[in-house]
Amino acid sequence: MPRTLLSIKDLRVYYETIRGYVKAVDSVDLEIYEGESFCLIGETGCGKSTLALAIPRLLPPNARILSGSIMFKNIDLLKLSDSELEEIRGRDIAVVFQNPMSSLNPVLRIGLQVGEPLVAHFKTPWREALISAIKQLSRVGIPDPHLRSKDYPHAFSGGMKQRSMIAMMTSCKPSLLIADEPTTALDVTIQAQVLRLIRELKEEYGLTLLLITHNFGIVAEMCDRVGVMYAGKLVEVGNVIDIFESPLHPYTKGLIECVIARRKSKSRLSQIPGAPPSLINPPGGCRFHPRCLYATSRCTSEEPGLIEVSRKHIVACHNYVR
Amino acid sequence: MKKYFEFKKGIFSKPQYIRAVDGVSFSVNKGTTLGVVGESGSGKTTLGLTILRLIEPTSGIILFNGRDIMHLNRDELKWFRRSTGIVFQDPYSSLNPRMRVKEILERPLKIHTDYDEKTRSEIIVKTLEEVGLSEEHLMRYPHELSGGQQQRVAIARAIILKPLLVVLDEPTSSLDVSVQAQILNLLLDLQSKHELTYIFITHDLLTARHISDYIMVMYAGKVVEYSTTREVFTNTKHPYTLSLLSSIPIPDPKLKSRRRIEITGEPPSPLNPPKGCRFHPRCPYAIEMCKLKEPELLEYSKEHFVACHRASELDFTELLKDITSFFA
Ligand SMILES: Nc1ncnc2c1ncn2[C@@H]1O[C@H](COP(=O)(O)OP(=O)(O)OP(=O)(O)O)[C@@H](O)[C@H]1O
Ligand SMILES: Nc1ncnc2c1ncn2[C@@H]1O[C@H](COP(=O)(O)OP(=O)(O)OP(=O)(O)O)[C@@H](O)[C@H]1O
Ligand code: SF4
Ligand SMILES: [Mg+2]
Ligand SMILES: [Mg+2]
């Protein structure tokens, strides 16, 4: 039985806006096991980033955590003060974003930035931290790390910035690495390099990986288990083979078909009708029902809970089909 | 860059020919799609804009329907503009935010036709319906539409004059998978209905494969491989195409540990490309000659053009087995 590293229960994160509350994450339960690669997938605006960034509490100021608990190594992160959480962030839980410049400081040399977490969290002397930083930069594949560590971020290409951010984020060997679309802005060949780097570091450091993506190719290549989100809800969790080969939720089925059908040239792709709903006033019952081919009257009125179809496969649907 | 394009439409709908780069001629049948793939900065957009004469090539000629589009008189240019359309990647920035859908679609009709208001309205509504929208969207501004709906408006604008050729520059890249599927279906439907010829620019090889009959692979401003889609994917000849195929994440967890060649380094700046073969600093198969001499784009077998010194000796079939197995 795998050990649980992170256990999220009944998490609700809403955004306060003038038009009302955006129910970005609504009563989500999720367990992530030690050492696994877990992918969160779903279309734009479904709440992936909100869910993932609630863990290190890196949410925008108008976000409100209305309920829930986030147990990480037997500590409820939601109960920690900002300064207590600060300790854990960067040391035990690290985050890599799509845009590396959201973490890199444009006016600080790369080497200093990569070494800084060691100084901050482990009181490592700067001299040693800088030596570590150079090693770490070399580890992530920056050529001439000695010289390049003295560069400012703007002198780096997109791929090199992303590598540097990964170097910085993994310098304290965290146990959980959250990567939010880390390669979306990169070219495919560079994307392949960065994904491989993440896989290797994961093995070397025994990291647990929470990866957010909307690319099913990346899901297939990177992860052991998958969580599918739709309109603020987690609608299905299963291991990667099951999600691809026997998805249970009609939404997952639709997405997988959209992707897989590209095997055939010029065939019509099956498509999910309509578009995702507003999260201010999401549809009642199952949030997917207006677009669902399997919807029954029950779906319009009663919200489906998560059903454990097998120990490893969970779905939130009244009419899930095997 | 030398850009020679030739679109010849014979009287009896014979193939349209595209003559591209370094004087090699390619043929694309009317009503089919040429996919242009390559990474950022490889020159895909430049190529698309050049074909439409929205930017001037440094040298070369572009023939469309047998006419040299660099030397069109005013009437011919007007005819050329009418016969071509373009759709950009980011629908929002390509639609004027201060214009309603109706005005956006009316503009090309006003410029290029002398239809009266009533006829224009009819055409607009009909085109909107063709792209899966309805009268309800006529009076909306772009920001009142979803990304997918905006892209539908952009497509409607591109086809409203019934063009022969449409350049689609990453039309689905900014969209979600389910919306991508809707838009790709729409494009295929419109193509078969109106016999449209597409130039489909994308960095997504799976999408290119899905929609294209022919594929052109670009690297640092050069065409490195060109052939039928099938040939490019199953009988890949250029090491760069191979590395692209190795790099794309394949949506099949069973192929997770497939064999791949992973190239190091990053694409060069198109302004200052490496000497010799532009790919040589990253190429796992480079030999001395690659540093010195730029390979020409040569016809390696029928309709299969490759710009690589080692094209005739390298065989990637083994390496490609797993990927080819993914495709039906
Ligand atoms: N600061 C904010 N204020 C109000 N609403 C917000 C804010 N940030 C996000 N949202 C909304 O919350 C919902 C979830 O957003 P989130 O960024 O978590 O989605 P996502 O799944 O990560 O999407 P993407 O794939 O586009 O990154 C969206 O509907 C979004 O518009
Ligand atoms: N052959 C060339 N010689 C010189 N400059 C070029 C050449 N091709 C493209 N460029 C320049 O390179 C830049 C990128 O080219 P372009 O926008 O066409 O690439 P792209 O393949 O469309 O990239 P993206 O995927 O990022 O859209 C442009 O500034 C363009 O002017
Ligand atoms: S010409 Fe040489 S460097 Fe260029 S792709 Fe072929 S083998 Fe590689
Ligand atoms: Mg996000
Ligand atoms: Mg472009």
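In what follows, chains are A, B, ... by sequence order, proteins preceding strands, each numbered from 1. Values below: every heavy atom of this structure, side chains too, minus hydrogens, waters and symmetry copies.
Among all heavy-atom pairs drawn from B/Pro251 and B/Leu206, the shortest one is CD-CD1, 3.6 Å. Residues A/Tyr294 and A/Lys253 approach most closely at OH-CD, 4.0 Å, considering heavy atoms. Taking all atoms of both residues into account, the shortest heavy-atom contact from A/Lys48 to A/Ile212 is CB-CG2, 3.6 Å. Here the shortest heavy-atom pairing between B/Ile261 and B/Pro284 reads CD1-CG, 3.8 Å.
Atom OG1 of residue A/Thr213 and atom CD of residue A/Gln98 lie 10.0 Å apart, to the nearest 0.5 angstrom.
Aromatic ring orientation, B/Tyr219 versus B/Phe279: perpendicular (interplanar angle above 60°, classes split at 30° and 60°). Using cut-offs of 30° and 60° for the angle between ring planes, the A/Tyr251 and A/His249 rings count as perpendicular. Using a 30° and 60° split on the angle between ring planes, B/Tyr141 and B/His143 fall in the parallel class, below 30°.
For B/Lys256, the NZ atom sits in a packed shell: over 12 heavy atoms of surrounding residues, nucleotides or ligands are nearer than 6.0 Å.
Only the side chain of B/Leu188 comes within contact range of chain A, with heavy atoms under 4.5 Å apart. Contacts of B/Gln149 with chain A are absent, with no heavy-atom separation under 4.5 Å from either backbone or side chain. Interface remark: B/Thr207 contributes backbone and side-chain atoms alike to the contact with chain A (heavy atom separation under 4.5 Å). Using a 4.5 Å cut-off between heavy atoms, B/Ile211 contacts chain A through its backbone alone, with no side-chain atom that close. Using a 4.5 Å cut-off between heavy atoms, A/Glu245 touches chain B through its side chain atoms alone. Both the backbone and the side chain of B/Ser178 come within less than 4.5 Å of a heavy atom in chain A. Using a 4.5 Å cut-off between heavy atoms, A/Gln191 contacts chain B through its side chain alone, with no backbone atom that close. Interface residue A/Pro273: only backbone heavy atoms are found under 4.5 Å from chain B. A/Met222 touches chain B through its backbone: at least one of N, CA, C or O sits under 4.5 Å from a heavy atom, while the side chain does not.
Heavy-atom pairs under 4.5 Å with chain B were tallied for A/Pro143, A/Cys223, A/Gly141, A/Gly158; the largest tally goes to A/Cys223. The candidate with the highest count of non-hydrogen atom pairs below 4.5 Å against chain A, out of B/Leu184, B/Val179, B/Ile248, is B/Leu184.
Between B/Arg258 and A/Glu221, at least one side-chain nitrogen of the basic residue sits less than 4.0 Å from a carboxylate oxygen of the acidic one, meeting the salt-bridge criterion. Salt bridge status for A/Arg196 with A/Glu200: present, with a side-chain N to carboxylate O gap under 4.0 Å.
For residues 235-244 of chain A, a heavy-atom distance under 4.5 Å to chain B picks out A/Val240, A/Ile241, A/Phe244, given by residue number.
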